[in-house]
Amino acid sequence: MKIAIIGGGASGLSCAIAAGRKTAGKNAEIVIYESKDRVGKKLLATGNGRCNMFNLYARTEDYSSPDFVRDILSRYDAEAVRLFFQSIGLYTRADEEGRAYPLSNQASGVLDALRLECEHLGVKILCESEITDIKKQGKAFVLSDGRAYDKVVLACGGKAVAKNFGGYELLKGTGHTVTKLMPALTKLTVKDNTFTKQLKGIRHKANLKLYIDGKKITEENGELLFADYGLSGIAVMQLSSFVARHFRVSKTLPVAECDFVPSMSFGELCQATERICGYNKDMKAENLLTGFMPKKLGEAVIKSVGVPLSAAVSQLGTKDIKSIASACKSFKFEISALRPFDDAQVTSGGADLRDFDSNTLESKKVKNLYCCGELLDIDGPCGGYNLLWAFACGLAVGENLIN
Ligand SMILES: Cc1cc2nc3c(=O)[nH]c(=O)nc-3n(C[C@H](O)[C@H](O)[C@H](O)COP(=O)(O)OP(=O)(O)OC[C@H]3O[C@@H](n4cnc5c(N)ncnc54)[C@H](O)[C@@H]3O)c2cc1C
């Protein structure tokens, strides 16, 4: 039995290990093809070099297609992935939000564990070996390097920060459909960047709500980072997945509503600012919000409602206070675009799920051809969800390649 795994990333390496263990002593050959000079390069960049490997609280509903991921994630959940890594000598620790990292806090440790286990199992790794074509000859698959295999696993990853041939052409070439591709877990460009541009580099913890066609879709609490093009930061990246799914089918502009003082209600904020105005009558309006947010952000909010920064706070009436508090609590940005794939962590879109069996990830169109990880039209939020999906797919396919 000859098995080719195209792509030496998270899903390809875990697939090779699971297949290697299953086929031990069975005269099987497992080959990983990797276009880069070494496997797992993207893994090294994950979690800011720490690799957020999975999330203990991941639920199927957190993913773009809960019904499709259910079969795999019910068998290969966070605990199964944790035990898999433990079996190859890699131990993890999770934070209070369920984000699991290697005990070493080094992504390189995760890659080393996977790579060494592949070596130990006799998996052949061919680097700088990009596959650009797959042909069917009878029952065999003949790859662009001329070698023939009984089974092929496509584990080529997505378009996010990928500069190689990728797997989409291989999917199309073997008769599969690729859905519209959009960057996800990325930054957002706003239609009018006057506000964000002047605040470039400023960070602030906020509550963000996403509205699409007037309907609230999701909300996030977390860091907001202003940029010349628009909005960045973890909370924004989480919203971006929903924006990507929307832009795949519609051109209407979503709205991000920011609450810069989420710990207070509108009424409490009005009262607090009124008290400050009454207490220090000589204070200039530019300082009114410094107790609630970074000074520059406070100034920009005050300017946005037409109050001069040089005005003495004693001159502000109830109407001014209410409009300042309202801008603090619900500052709206129209989202005009997602930042490009180079800025994204994952791809929204990919192999059409209707072409693959959700239990085995085998193609319904081409027997013995499988698809794993980000290449499938599945994406999850930030926090270990995408690597969990990639590892789970790899293990599921690898363990079931040979019965
Ligand atoms: C900066 C960054 C940080 C991230 N951090 C996290 C995180 O902390 N936690 C998390 O859950 N997710 C994170 N992600 C997402 C996560 O890395 C991916 O979802 C995951 O790596 C997907 O695994 P995969 O095996 O499908 O693809 P990949 O890991 O991308 O592997 C695919 C491999 O296939 C190779 N390849 C592609 N085409 C071919 C070809 N034709 N022939 C041969 N080889 C080919 C590629 O070079 C690549 O090595 C992050 C992503 C980025 C970009």
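Note that ligands are numbered from 1 as they come in the structure, with each ligand's atoms numbered from 1 the same way.
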Shortest non-hydrogen contact from L224 toward L208: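 Smallest interatomic distance, heavy atoms only, reads CD1-CD2, 4.1 Å.
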Residue list, ring pair (Phe, Tyr, Trp, His ring centres under 6.0 Å) with [X], at least two apart or on another chain:
{"X": "F391", "result": "F85"}
{"X": "H176", "result": "F356"}
{"X": "F333", "result": "F195, F331"}

Proximal protein residues to ligand 1, non-hydrogen atoms under 4.0 angstrom: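 Contacts of ligand 1 under 4.0 Å: I6, G7, G8, G9, A10, S11, Y33, E34, S35, K36, K42, A45, T46, G47, N52, S129, E130, I131, A155, C156, G157, V161, N164, G166, A344, Q345, V346, G373, E374, G384, Y385, N386, L387, A390.
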Donor-acceptor under 3.5 Å (K151 side chain, L401 main chain):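 It does hold such a pair.
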Within 6.0 angstrom of E268 CD, more than 12 heavy atoms from elsewhere: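 It does: E268 CD has more than 12 such atoms within range.
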